[in-house]
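Working notes for the structure below.
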2 protein chains.
Amino acid sequence: MNNLTDNDVYWWRPLDDAKSDTRAEILFAAYKEIHVNGFQSASLRHILARTGVTKGALYHHFPNKTELGYAVLDEVIARRIYLGFIQPLEDIDDPIEGLIDLIRRAGETFSMTDIELGCPLSVLAQEMAPIDEGFRLRLNAIYDEWHGSITRLLTRARDAGLIIDEVEPRTLAVMIAATLEGSLSAAKVAQSLDVLHQCGHGLNQFLQLIRN
Amino acid sequence: MNNLTDNDVYWWRPLDDAKSDTRAEILFAAYKEIHVNGFQSASLRHILARTGVTKGALYHHFPNKTELGYAVLDEVIARRIYLGFIQPLEDIDDPIEGLIDLIRRAGETFSMTDIELGCPLSVLAQEMAPIDEGFRLRLNAIYDEWHGSITRLLTRARDAGLIIDEVEPRTLAVMIAATLEGSLSAAKVAQSLDVLHQCGHGLNQFLQLIRN
DNA sequence: TATAAAGCATACCAACTGGTATGTGTGATT
DNA sequence: AATCACACATACCAGTTGGTATGCTTTATA
């Protein structure tokens with residue numbers, strides 16, 4: 001059933017190749033397992049087999065599976081999301097033009113391999129948010145940061161008179177984020193980059209319309 | 001970890017109370033288990049325990065767990081989605097006004113209990129689409145139907161001159177569906193109806209802007 | 001150089017997983 | 001009345017699950 005577990009299919013490399021201590025290895029292997037299988041179905045046995053690390057080592061660094069999951073969310077996923085999708089928003093000058101450009105570039109940058117597994121945030125959100133408060137709070141915090149950065153961008157745009165007055169930055173920010181997440185989800189099910197592009201185009205059309 | 005499995009928390013009643021044969025009971029219990037835990041972590045033991053049905057009965061009606069999952073998707077989830085979110089779109093006269101009204105009403109109708117577990121389609125999409133083609137194709141078919149019905153609505157609107165010419169019905173339909181799914185996902189993580197309302201408001205603002 | 005603690009490794013465990021083999025009652029058909 | 005298929009029920013199974021208890025090195029510290 002699962003044909004995506006092998007390492008060679010996986011394209012995201014670890015962020016810091018430098019200090020490749022055991023803990024970091026476990027963390028990254030766990031991240032991959034979770035991204036493919038979800039948290040509950042992620043197997044410690046598989047993680048250990050792929051790293052060569054033993055169970056003793058794992059339970060030396062993490063008290064249990066849940067805490068390992070939290071660590072993956074905090075130290076791997078949150079970091080990637082921040083570096084890839086939150087921080088870049090802060091450096092944009094022309095808010096709307098920049099946002100449009102960012103979405104267009106994202107649509108072009110994403111490859112089929114990205115589409116296949118989709119956003120690890122969505123995976124954990126759908127699976128774990130309702131059944132584990134620890135996961136939910138962490139996920140919520142990440143989304144909050146994301147919403148915040150988009151909100152700041154839109155506020156800047158409104159203050160500069162670049163977009164129509166009817167726009168409420170926070171409201172729109174939450175909606176834009178939802179659209180982006182939904183787009184990746186739709187593309188994942190359709191296994192189609194075209195679906196992603198359609199969504200991106202629709203969203204950009206929206207952004208054009210709220211311009212002054 | 002899982003505090004939502006109990007029957008009394010679950011609010012969606014079976015669709016046809018009439019013929020409550022064993023197969024239907026299993027199907028509905030499995031649907032609930034899957035909605036809460038996802039497919040892979042759905043336990044046949046739990047399903048049997050809650051229905052009172054035995055393992056012999058289950059494996060008499062379904063050859064294996066995967067086929068049970070397919071049946072849940074085909075006979076329970078797809079049906080609910082069609083009746084609740086696809087068919088209603090066909091009966092709308094004024095496309096845009098109707099769509100806006102539908103989104104507003106949906107935002108008001110959804111309760112916190114709906115938000116908690118979110119859309120069962122999203123749950124299975126994130127978990128199973130990349131690892132089981134049977135699930136993916138079924139999910140894709142449902143989304144396709146949904147996209148089709150929104151596309152027809154927008155086409156009607158454009159032919160009637162109700163929306164601006166720049167709008168490509170299919171493109172916008174896919175984007176709108178993505179936004180709606182993303183909205184439910186966001187509300188699920190935030191456990192907040194307010195987030196859902198914000199997304200709905202943002203989307204409606206968009207629909208207002210593409211009007212002629 | 002003695003001591004302690006960190007960083008593992010091995011072996012084992014009870015609980016649970018989906019799945020199967022076999023038996024049994026029961027209603028319809030011949 | 002005999003046959004037979006349908007609709008279960010019971011018991012059992014090998015594999016996997018997360019977790020633990022007990023060891024053994026290596027490294028830092030005193």
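Since the model is a prediction, treat every value here as computed from it, not as a measurement. Proteins come first, then strands; the chains are lettered A, B, ... in the order of their sequence lines, and each starts at number 1.
Distance, A:F62 CZ to D:dT20 P: 16 Å, rounded to whole Å. Separating the CG atom of A:N64 from the P atom of D:dT20 is a distance of 8 Å, rounded to the nearest angstrom. Atoms CG (B:L48) and P (C:dT17) sit 10 Å apart, rounded to a whole Å. The OH-C1' distance, from B:Y59 to C:dG18, rounds to 5 Å in whole Å. Atom CD1 in A:I26 sits roughly 12 Å away from atom P in C:dG7 (whole-Å rounding). Atom CD1 in A:I47 sits about 11 Å away from atom C1' in D:dG18, given to the nearest Å. The CG-C1' distance, from A:L44 to C:dC12, rounds to 16 Å in whole Å. We find that CD of B:Q40 is positioned 15 Å from P of D:dT16, with the value rounded to whole Å.
Among C:dT17, C:dG19, D:dG18, the nucleotide with an atom closest to any side-chain atom of B:S43 is C:dT17.
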Considering only nitrogen or oxygen atoms on both sides, find all protein atoms under 3.5 Å from nucleotides 4-10 of chain D and state each distance.
| from | atom 1 | to | atom 2 | distance (Å) |
| --- | --- | --- | --- | --- |
| D:dA7 | OP2 | B:H60 | NE2 | 3.2 |
| D:dC8 | OP1 | B:T22 | OG1 | 3.1 |
| D:dC8 | OP2 | B:T22 | OG1 | 3.2 |
| D:dC8 | OP2 | B:H61 | NE2 | 3.2 |
| D:dA9 | OP2 | B:T54 | OG1 | 3.0 |

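Listed by first and then second residue, the salt bridge (Lys or Arg N to Asp or Glu O under 4.0 Å) pairs that reach into residues 168-191 of chain B are B:D144-B:R170, sequence neighbours excluded. Applying the salt bridge (Lys or Arg N to Asp or Glu O under 4.0 Å) definition to pairs two or more places apart or across chains, those involving residues 84-95 of chain A are A:E90-A:R152. Residues in residues 95-113 of chain A take part in these salt bridge (Lys or Arg N to Asp or Glu O under 4.0 Å) pairs, two or more places apart or across chains: A:E97-A:R211, A:D101-A:R105.
Scored by the side chain to side chain donor-acceptor pair (under 3.5 Å) test, A:R158 finds no partners at all (sequence neighbours excluded). Not counting sequence neighbours, A:S183 has no partner by the side chain to side chain donor-acceptor pair (under 3.5 Å) test.
Between A:R45 and D:dG18 there is no side-chain polar atom (N or O) within less than 4.0 angstrom of OP1 or OP2.
No side-chain heavy atom of B:T151 sits under 4.5 Å from any side-chain heavy atom of B:V174.
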